Protein chains: 2
Amino acid sequence: MTTATIHIASSAPAKAQPQPRCGLCSFNRLCLPQGLDEDAMHRLEQIISRRRKVQRDEQLFSMGQGFGSLYAVRLGHFKTAQVNQRGEQQITGFHMAGDLLGMEAIGTGQHSCSAVALEDSEVCEIPFGRLQELVAEVPELMHQFHRVMAREIQREQAVALFLGNMRAEQRLALMLTSLGARYAARGFSPASFQLRMSREDIGGYLGLTIESISRLLARFRKAGWISLNNRDLRILDLAGLQDLAAGRFAPECEAA
Amino acid sequence: MTTATIHIASSAPAKAQPQPRCGLCSFNRLCLPQGLDEDAMHRLEQIISRRRKVQRDEQLFSMGQGFGSLYAVRLGHFKTAQVNQRGEQQITGFHMAGDLLGMEAIGTGQHSCSAVALEDSEVCEIPFGRLQELVAEVPELMHQFHRVMAREIQREQAVALFLGNMRAEQRLALMLTSLGARYAARGFSPASFQLRMSREDIGGYLGLTIESISRLLARFRKAGWISLNNRDLRILDLAGLQDLAAGRFAPECEAA
DNA sequence: CGAGATCTTGATTTCAGTCAAAGCTGGTGG
DNA sequence: CCACCAGCTTTGACTGAAATCAAGATCTCG
């Protein structure tokens, strides 16, 4: 199996692979190293056991699996998903460079969701035990770790907010503008990017069916908010989308 | 205003009010002190600045307010809610003795939701700065703090799961059985308890309208799953409710 | 006791889901 | 190089679950 080949390559002896250098990573502002001085950052680099390549559709970790490490996305995109008893999956998030994965498992020692690469990707593996030791010694790292965890709580709350009381078109508009904002924070265009996930994943995230997603995207396109072919998205009217997401006016009201 | 009076009373000099004693609190297993030895627990007690009474409908903290402390519920019940642009509120959770409130604000320094007492309640205020100092010195406290934060992430994910892909009756069944389980963990009856929140709050939590809640409760009652008058709930058929929550069979299938 | 808040019930509407079919697209092999 | 196939996406017709609108009933508390 090709997967195995890749794994072997990625877990080659440390000498063959350069030690990850947080200081050189362009996403360190968004990640654990934020705010660390050079010495602290170096100590953090030391405990990152290795980089790991994860190819498209491969699982980084799976629901129920024992927890040992956190993973920082270096490159590529992931989705995290929970599966309920009947096999339907709720996508709990999409994750890009600088995001930290696996925190939900700290409490129980078992992952409560699985993480799957949406494209060929790469993560830094951070053994949690060693991170906790370091966190106790480096106050600024501890603060940042707590901020990152809290950010995750807030992100989940925001998901609950839109799942609980936004209409379908609001949810989608919010998702598109949020993705743009996240790309902007990483120095990419907020208005022009690829959707790395399938329509099905979008539906699973927003609590909607694939058909609804398709119809909504068509509607947005016709209204001139976006242009889209396949997965290449361009936001043409950000303010309009934001208004829609905020529910500031129903689309029908425009005619009046 | 009576609120003011209460506040003054609750912030009386420490001598007038006994220092909170985590060791004596019957909910410490569920809270930060879990797993601490006597010395560590004593140090934790030292930083708890005071107990604070919060009367019914009073806010413990509000959305946008600056963050300084976490709060452990000692007594009573709270709801946390986010309000969107149009004034609709999404209830993000119900909280009872042993639960920790305010963690979502660690990342930004501002509360992203407000917490309101559902009945006259009491909390332990834990200044976050001092907690962080102590956490760095007491590894077991650090571990427990991380577990508590991770538990919160998992809780929010579970909310997203049911808001995203469960039907109305499943959501309500899950909420009732979960409440029962939480009471059980606190040594109370899992099958017989008071709903401390209004129908409107239930609806706000489950992403449903008040009318739907009312109809569903009537349906559950007629089906013999529960008995209910006003807010006094008794779960008569836990297995049935759990099956319903898990979607193991549609209610219509019974006849067939 | 009475007024306002909370809760219940019924009739109707609507948004999104389901079912069904057809169109793309990108990868594979002849 | 092109044809074909499987999976993904779009579109349409219909259905259904929950929202909305509208009375009433009941509870709470001054």
Side-chain angles (χ1 to χ4, degrees), chain A residues 2 55-57 79 86 88-91 118-120 162-173 175 194-223 226-233 244 247 250-253, chain B residues 2 55-57 79 86 88-91 116 118-120 162-173 175 194-222 226-233 244 247 250-253:
Chain A
T2 50
Q55 52 175 27
R56 186 177 176 173
D57 293 329
K79 67 177 173 185
R86 287 211 306 300
E88 301 147 338
Q89 66 172 16
Q90 172 70 30
I91 308 289
L118 293 171
E119 61 188 322
D120 291 353
F162 74 65
L163 288 176
N165 58 33
M166 286 172 68
R167 297 235 311 288
E169 56 188 7
Q170 294 180 278
R171 298 185 202 179
L172 183 59
M175 171 175 166
Q194 258 217 343
L195 298 172
R196 322 287 164 135
M197 65 297 287
S198 67
R199 304 287 192 265
E200 189 169 5
D201 288 337
I202 299 176
Y205 180 59
L206 298 177
L208 301 170
T209 60
I210 185 173
E211 294 97 326
S212 293
I213 302 301
S214 197
R215 275 185 258 267
L216 286 166
L217 286 170
R219 184 129 59 95
F220 285 8
R221 197 164 17 186
K222 278 172 202 150
I226 62 171
S227 80
L228 176 71
N229 37 0
N230 301 327
R231 294 184 173 185
D232 294 317
L233 180 79
L244 186 58
E252 292 75 19
C253 298
Chain B
T2 49
Q55 54 176 26
R56 184 176 178 176
D57 293 329
K79 66 177 173 185
R86 288 212 306 300
E88 300 146 338
Q89 66 173 15
Q90 173 70 30
I91 308 290
V116 175
L118 293 171
E119 62 188 322
D120 291 354
F162 74 66
L163 287 176
N165 57 34
M166 286 172 68
R167 298 235 310 286
E169 55 188 5
Q170 294 179 279
R171 298 185 202 177
L172 183 58
M175 170 173 168
Q194 258 217 344
L195 297 171
R196 322 289 164 134
M197 66 296 286
S198 68
R199 304 289 192 265
E200 188 168 6
D201 288 335
I202 299 176
Y205 180 60
L206 298 178
L208 300 169
T209 59
I210 184 174
E211 294 97 327
S212 293
I213 302 300
S214 198
R215 275 186 258 270
L216 286 167
L217 286 171
R219 185 129 57 96
F220 285 8
R221 197 164 17 185
K222 277 173 203 150
I226 62 171
S227 80
L228 176 71
N229 40 357
N230 301 327
R231 295 184 174 185
D232 293 317
L233 179 78
L244 185 59
E252 291 75 18
C253 298

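Residue numbers begin at 1 in each chain, while the letters A, B, ... track the order of the sequences. Note: hydrogens, waters and symmetry copies are ignored here, and every other heavy atom, side chains too, is used. Quick caveat, the model's predicted, so the values are computed rather than measured.
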Asker: Nearest whole angstrom, please: distance from the P of C:dA16 to the CZ of A:R219.
Answerer: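 Distance check: A:R219 CZ to C:dA16 P gives 8 Å.
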
Asker: Quickly work out the B:N229 CG to C:dT6 C1' distance and round it to whole Å.
Answerer: 15 Å

Asker: Mind calculating the distance between CG (B:L172) and P (D:dA18) to the nearest angstrom?
Answerer: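 After rounding, the reported distance stands at 11 Å.
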
Asker: Expressed as a whole number of angstroms, how long is the span from B:L217:CG to D:dA25:C1'?
Answerer: 17 Å

Asker: With the side chain of A:E211 defined as its heavy atoms from C-beta on, choose the nearest nucleotide among C:dT9, D:dT11, D:dC27.
Answerer: D:dT11

Asker: Using the closest heavy atom to pick a nucleotide of DNA chain C for each, name whichever of A:N230 or A:M166 lands nearer the 5' end.
Answerer: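 Whichever sits nearer the 5' end wins; that is A:M166.
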
Asker: Under 4.0 Å: is that the gap between some side-chain N or O of B:R231 and OP1 or OP2 of C:dC7?
Answerer: yes

Asker: At under 4.0 Å between heavy atoms, what does B:I213 touch on the DNA or RNA strands: base, sugar-phosphate, or nothing?
Answerer: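 Nothing: the residue B:I213, judged by heavy atoms under 4.0 Å, touches no strand.
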
Asker: Just to be sure I understand the rule, does B:S212 reach a base, reach only the sugar-phosphate, or reach nothing, if contact means heavy atoms closer than 4.0 Å?
Answerer: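 Result for B:S212 = sugar-phosphate.
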
Asker: Within the 4.0 Å heavy-atom criterion, would you say B:G203 contacts the bases, only the backbone, or no part of the nucleic acid?
Answerer: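 B:G203: no heavy atom of the nucleic acid under 4.0 Å.
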
Asker: Does the side chain of A:L195 reach to within under 4.5 Å of the side chain of A:D201, using non-hydrogen atoms?
Answerer: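 A:L195 does not reach A:D201 side chain to side chain.
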
Asker: I want to check one thing: is the phosphate of D:dA17, taken as OP1 and OP2, less than 4.0 Å away from some side-chain N or O of B:R167?
Answerer: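 Checking B:R167 against D:dA17: no side-chain N or O falls below 4.0 Å of OP1 or OP2.
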
Asker: Check the phosphate of C:dG17 against A:T209, side-chain N and O only, distance under 4.0 Å to OP1 or OP2. Yes or no?
Answerer: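 The answer is yes; a side-chain N or O of A:T209 sits under 4.0 Å from OP1 or OP2.
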
Asker: Calculate the interatomic distance between B:M197 atom CE and C:dT6 atom P; express it in whole Å.
Answerer: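 It is 15 Å, rounded to the nearest whole Å.
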
Asker: In whole angstrom, give the distance that lies between atom CG of A:N165 and atom P of D:dA18.
Answerer: 16 Å

Asker: Answer yes or no: are there more than 12 heavy-atom neighbours, outside A:Q194 itself, under 6.0 Å from its atom CD?
Answerer: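 Counting other residues, nucleotides and ligands, CD of A:Q194 exceeds 12 neighbours.
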
Asker: Categorize B:L208 for me: base, sugar-phosphate, or nothing, with a 4.0 angstrom heavy-atom threshold over every strand shown.
Answerer: sugar-phosphate

Asker: Between B:L172 and B:L208, is there a side-chain heavy-atom distance shorter than 4.5 Å?
Answerer: no

Asker: Between A:M166 and A:R171, which heavy-atom pair has the shortest distance, and what is it?
Answerer: O-NE, 2.9 Å

Asker: Check every atom of D:dT10, D:dT20, D:dC27 against the side chain of A:R199 and return the nucleotide holding the closest atom.
Answerer: D:dT10

Asker: Rounding to an integer number of Å, can you tell me how far A:I210 CD1 sits from C:dA22 C1'?
Answerer: 15 Å

Asker: Distance check: side-chain N/O of A:S198 vs OP1/OP2 of D:dC8, anything under 4.0 Å?
Answerer: no

Asker: Atom CZ of A:R221 to atom P of D:dT9: distance rounded to whole Å?
Answerer: 12 Å

Asker: Is there a side-chain contact between B:R219 and B:E169, using heavy atoms and a 4.5 Å cut-off?
Answerer: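 They are in side-chain contact.
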
